[in-house]
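Below: the structure, in structure tokens.
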Amino acid sequence: MDASLLLELAVNGAFIGMMYALVSAGIVLIYKTSGIANLAQGALAMTGAYMAWIGGTLIGLPIWVAAPLAAAVMFGIGALIERFAMRRMIGQPLIMAIMLTMGMEIMLRGLMPGILGASVKKIDIGIPNAPIILGDILINRTLLIGGLISFAMIVASILFFNSRLGVVMRAVSDDQTASWSVGIRVERAIAIAWGLSAVMATTAGVLWGATQGIDWSLSLLLIKALAIAILGGLDSIPGVLIAGIIVGLVESLATGIIDPIIGGGSRDLVASAIILITLLIRPHGLLGREHIERV
Amino acid sequence: MFYRRAGIRHTSYRSERRLWRLPFDRGLVVAVLIVLLILPLVVDRLYLVGYLLPWVIWSTAALGLNFLMGGAGQVHLGYGAIIAIGAYASAHAARFGVPFEIAMVAGGLASAVVGSAFGATALRVKGLYLAMATLAMQSIVDFVIIHVPAISGGGQATLRVPPARFLGIDLTEDVRSYYFVLLVGIVVTLFVLNVGRSSFGRALAAVREKDYAAAVIGVDSFRFKLLAFWVSSFIGGIVGALLAFCYYRAISPDQFHLDLSIQLVAMVIVGGLGSILGSFFGAALILFAPILLNQAVGALAVSSGLGISADLRAHLPLLLYGAMIMGFLLIEPLGLAKIYDNIRNYLLVWPFRHAPR
Amino acid sequence: MSLLTLNNIEVVYDSVFLAVKGISIEVPEGGLVALLGANGAGKSSVLKAISGLLRSERGAVSRGQATFRHENLLALDPPERVRRGLVHVLEGRRVFEHLSPAENLLAATTMHRDRTRVTRRLDEMLTLFPRLAERANAKAGYLSGGEQQMLAIARALMTEPKLILLDEPSLGLAPFLVDEIFDVIRRINAEQGVAVLLVEQNAVAALDLVQSAYLIEQGRVVMSGSAEALRANPDIQEAYLAGHNQVDYHAVKHYRRRKRWLA
Amino acid sequence: MKRRTFLTAAGAAFVGLQIPIRNALADDKVIRFAMPQDFTRVYTFVTVEYSQGQRDYISLVNAKGGINGYQIVADISDHGNDLPRALEAYERAKAQGAILVDPLSTPVARALVQRAAADKINLITAYSGRSDAADGETFPYVFPLSPNYWTQAGLLIDYFRQQDGDLKGKKICFVHIDTPFGKEPIPILEALAAKQGFSLQTFPYTPPGNDQSAIWPQVRRAKPDWVVFWGAAVGQTVALTEAIRNGIPMNRVASSVWLSESDMDVVGRAQATGVLKVEPCASGQSPKIIQDIIKTVIEPAKGAGDRAKVGTAYYNYGVMMAALMIEGVRKAFEKAPNGPISGDWLNAGLNAISNFDAEGLIPPTTVTNTDHQGGGQCRIARWDGSKFVPATDWFSANQDVVWGEIKKSSAEYKASGK
């Protein structure tokens, strides 16, 4: 096995892991405030990418205007989702609220391609395809930039949770009824979480959309993102970053090392094995907080 | 009104312990059964093969999953894989020459064994983490089926299922396979109904509510969780055999993907967690809503003469389907069965507005 | 002058089950009032109706009026009620388990814009509850039951309330801790002029603490009056203050029957 | 139990649905095709354009008075690649008297093979379904009517041989989605590698293929002479993008029929210049049949969809398939002018298609009782930055190897069902 190939795979894998982690961070954001695993996160990424496409291609704005604009619109959409759907689920069994997000995922998957057309859309974010070559190693420029943007956004959200508003959001995630009882506007906190999460989804959607084109399949990002979120510990944003990099690295290396041996795409298999083993050793993910059990 | 009872009053333990305590409910069960028995003889084959047969099979699967999710509180995102194991095990057994009756049970056992291994993780992992662990297992099972040609059936990855005979009755004909599926469905329903009244069912309920507390009062929560996985996976395996022999008749890996697992979880949750009736409602909604919405939108697009684009025409049913799931959950977050229950409760005390608590 | 008035409040769960059947209660400014009653009598439902927390349990106020300082309470959402000066300490403490005690207190200050006031209030609480100051950086979930109860009360006080609703503060606590908690309640009431509406099953302790009380059975007020009057009532003595006198089971049975009839 | 509400709803639905079926059967002078296809899931990348082409061609035929005075009715519906839905659609089509079903989905086609044979309904499995269905003896009611994946792989290898003169000692990399569909061409490629002396390296990527960043560096380092990438939808655009990023020369990269103009848009029209694909029919608006459609159907605004899509690769695939189906109807009328119109009747017609080229849109196609593939002719086309330009004429190659595989696989199928 060629060492420089492994290094190349490792570097690109780490960056792609960060891009996955950005989708996961949106899931964690909502989980941390409302205890709900948002199954519509992939669909939000898809919707955000479509929004950026509307701005960039339909209206003709430059991408650096269209993408932030799409993020702003998506913040509003996130807040509206809280207002008209999630708010009514407060105090209801969590699994039902999670199911609701799944209904939303199906709905968004029908809405955007239905209105804008199902064929793949192109979004150009102006990153040239020409790679950066360091000696024998090729670094994918899109992954590099995408990974760095993701990293920056994840760090920003870590800082956010240590602010005063962040403390309130964490309180809401612990006990919504108790939060209400001491005057916290639970709905507003959750709406902010949804809005921010939609912004992260939009960023992720645009980054991924630039590589694979925009169509419904962007919503499939959910599965991997959920896996990373759970591996990191559903309520830890640093955990997500670490888990994202681990999954990205391992998948990338597995493709290089194990695939030729077993003659099949071992990526998902290895990722699944890591998740299983981690959960058996650490049932709350890498950095997830432990459930405090009192009878 | 229909029930002619304001509240439920019992005069003996025997009457209180009955499965259906009100004469009206008993009448309804019998009526539904009679309808289900007569229907295949009077309706077009389309309704038999397109609706009745899959509905009974999926309801049975939802019952099996609901037993685990609603009964023991263990989220399972890999039930599709469990069904796949049952389907493949029974199909291979039958191809090997094993009679169908035994092949079906073998399918159930194979699923139960692997499913309990899935369940062993439940010793440590809970809630969404467990969901993820089962999801990981789903992808491992998928991978194995696709990559071992001996299982998936060669290069085309399609396995033909030999014709099945159950106790001498040929099951390749649709009406007969429907009756057979219905029989299995009824057996599973009665089983799940009765477990709720047994000590096993009560132990499961304790584990579901708080496994930690259950352990404190002497319920071996690990053992019962594992048992719940075993039973539920066994049902899943049987359903796999039914799917293979009575419905699909040729199986390929993509029939048992994650999509199926998610569909089943949706059936259980939208129907009502832990509700037997809900499993039937949920299966009906998740299976038929897309079909019926498609036909409705299609008919509407034609009759209105509006030139809606092909894309919108195709995606509108999907949109409405998602909206419908959301709508039902927003109206009644505890699922379809709870909506029924609310109506029933209302009628129980009618003409009074509220029942005393 | 009354701070809080409930008039004929009715609470329904699941749109079907009637839990509270027309209750009228008054809490005077700076008063100390108790709601007594057995398990499932509807005491907690009354408190949740006042603080607006019924919705999260699929309940709703279906009839009646509630006014707090001459304002219709039922039109306000829970955080708005807290901003009017009404705070609810929930049954079972319900602290934010994964936050430290200090963060718990900080989380309850969303209504205060003035940061210096928040810090001052925080210091006051830590002096009022020195045990919390000792464990300011532990996770609240790992505090003992008594410490958690104190944290819950301190957290409620951070909102600077006029009326504090306390739901079973003595639940599951050792007797000496119960005394300590009740002492704190007395001090809050006396020193800060905060009115208290206390729900208790521990009638002995409660009647020693409060000025007046309501006895609730099956969702109705079956008796009310000053603490002395209730303490003197023979039915109360039999049913709730048992241990003080000889228990006459025939009488208890008789009382139960009468109670049913009342309901 | 408590199923009253459900029963009322089911009863209403039942009554509501029963009526249209009976009405439909009463119509005469109508030939029914059913096109339950996947508009919302895995096959979205192709279905809209494919279906648009099919419908526009059928409109063209109907506008010209139909066939023998019969109008063709195509029932379009969405099965979402979900089997219970597809089976329902199939049963509905059967109840309504459809004599042909085109599901355009591999899993659905596979599940329908046995039912179609039992019900004598012609199952069209163009670019999907079982490759061994080309064997008309084993699968009398299944019609791929198009070069299957084995043929496509064989054609590509033959094109490489034509370019390089000889493949001995060359290296070919095969990058494919890790599903049965993606793995399908491997036996053919291996057989040809042994025969022609090139070395073959395969690289599976996990579905859906949105992340192939770990695959292509390996391909680059293998320094292949030719690269074949095999997937669909997202997997195709990502593969091509990664190939560009890894600096693999575009004129040495080729794929199956699943490459379209919109894929090129996503990758970047200019950057993808040179990439090769297998072309089963002419693309663009120039073929006469497409011109007829534009004149008779599109211009009077009776088109089935977006005008801009007319003449795209997938649109023309749809036209191609509709043309073949209708040629089958025409032949059926030649053989039995008075019907009765049934699956059997159409089957005879489809099997009698001979040397049909749809006025230059498709290679001359002959379907026989034994060959349901239609001869296996295609051409290789090259993307020139704005459109696909044919690089070869219609040709067929390596059919001996392909048919060896077809016979082997269909024999397996025969043996498995007692």
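Below, read A as the first sequence line, B as the second, and so on, with proteins coming before strands; counting in each chain starts at 1.
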Heavy-atom contact with chain B under 4.5 Å, split by part of A:Ile36: neither
Side chain / backbone / both / neither for A:Met102 at chain B, heavy atoms under 4.5 Å: side chain
Heavy-atom proximity to chain A below 4.5 Å, by part of [X]:
X: B:Phe143; answer: side chain
X: B:Leu135; answer: side chain
X: B:Ala314; answer: neither

Is there a side-chain contact between [X] and [Y], using heavy atoms and a 4.5 Å cut-off?
X: A:Met96; Y: B:Leu273; result: yes
X: B:Met326; Y: A:Ile106; result: no
X: A:Pro113; Y: B:Asp311; result: no
X: A:Pro283; Y: B:Lys126; result: no

Looking at [atom1] of [X] and [atom2] of [Y], how far apart are the two atoms once the value is rounded to the nearest 0.5 Å?
X: B:Ile262; Y: A:Met99; atom1: CD1; atom2: CE; value: 9.0 Å
X: B:Leu330; Y: A:Arg87; atom1: CG; atom2: CZ; value: 13.0 Å
X: A:Thr278; Y: B:Tyr129; atom1: OG1; atom2: OH; value: 12.0 Å
X: B:Leu319; Y: A:Arg109; atom1: CG; atom2: CZ; value: 11.5 Å

Work out which heavy atom in [X] is nearest to a heavy atom in [Y]; give both atom names and the distance.
X: B:Met132; Y: A:Ile223; answer: CE-O, 4.3 Å
X: A:Ala118; Y: B:His315; answer: CB-CE1, 3.7 Å
X: B:Ala136; Y: A:Leu276; answer: CB-CG, 4.0 Å
X: A:Ile95; Y: B:Met69; answer: CD1-CE, 4.3 Å

Closest-packed option against chain B by number of heavy-atom pairs under 4.5 Å, given A:Leu116, A:Leu234, A:Ile115: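 When all of A:Leu116, A:Leu234, A:Ile115 are compared, A:Leu234 has the most.
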Selection from A:Asp268, A:Leu111, A:Ile275 maximising heavy-atom pairs under 4.5 Å formed with chain B: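 Of A:Asp268, A:Leu111, A:Ile275, A:Leu111 has the most heavy-atom pairs under 4.5 Å with chain B.
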Contact winner vs chain A - B:Ile140, B:Leu258, B:Leu320, heavy-atom pairs under 4.5 Å: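 Answer, by heavy-atom pair count under 4.5 Å with chain A: B:Ile140.
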Residue among B:Val265, B:Ile269, B:Leu128 satisfying side-chain contact (heavy atoms from CB on, under 4.5 Å) with A:Ile98: B:Leu128
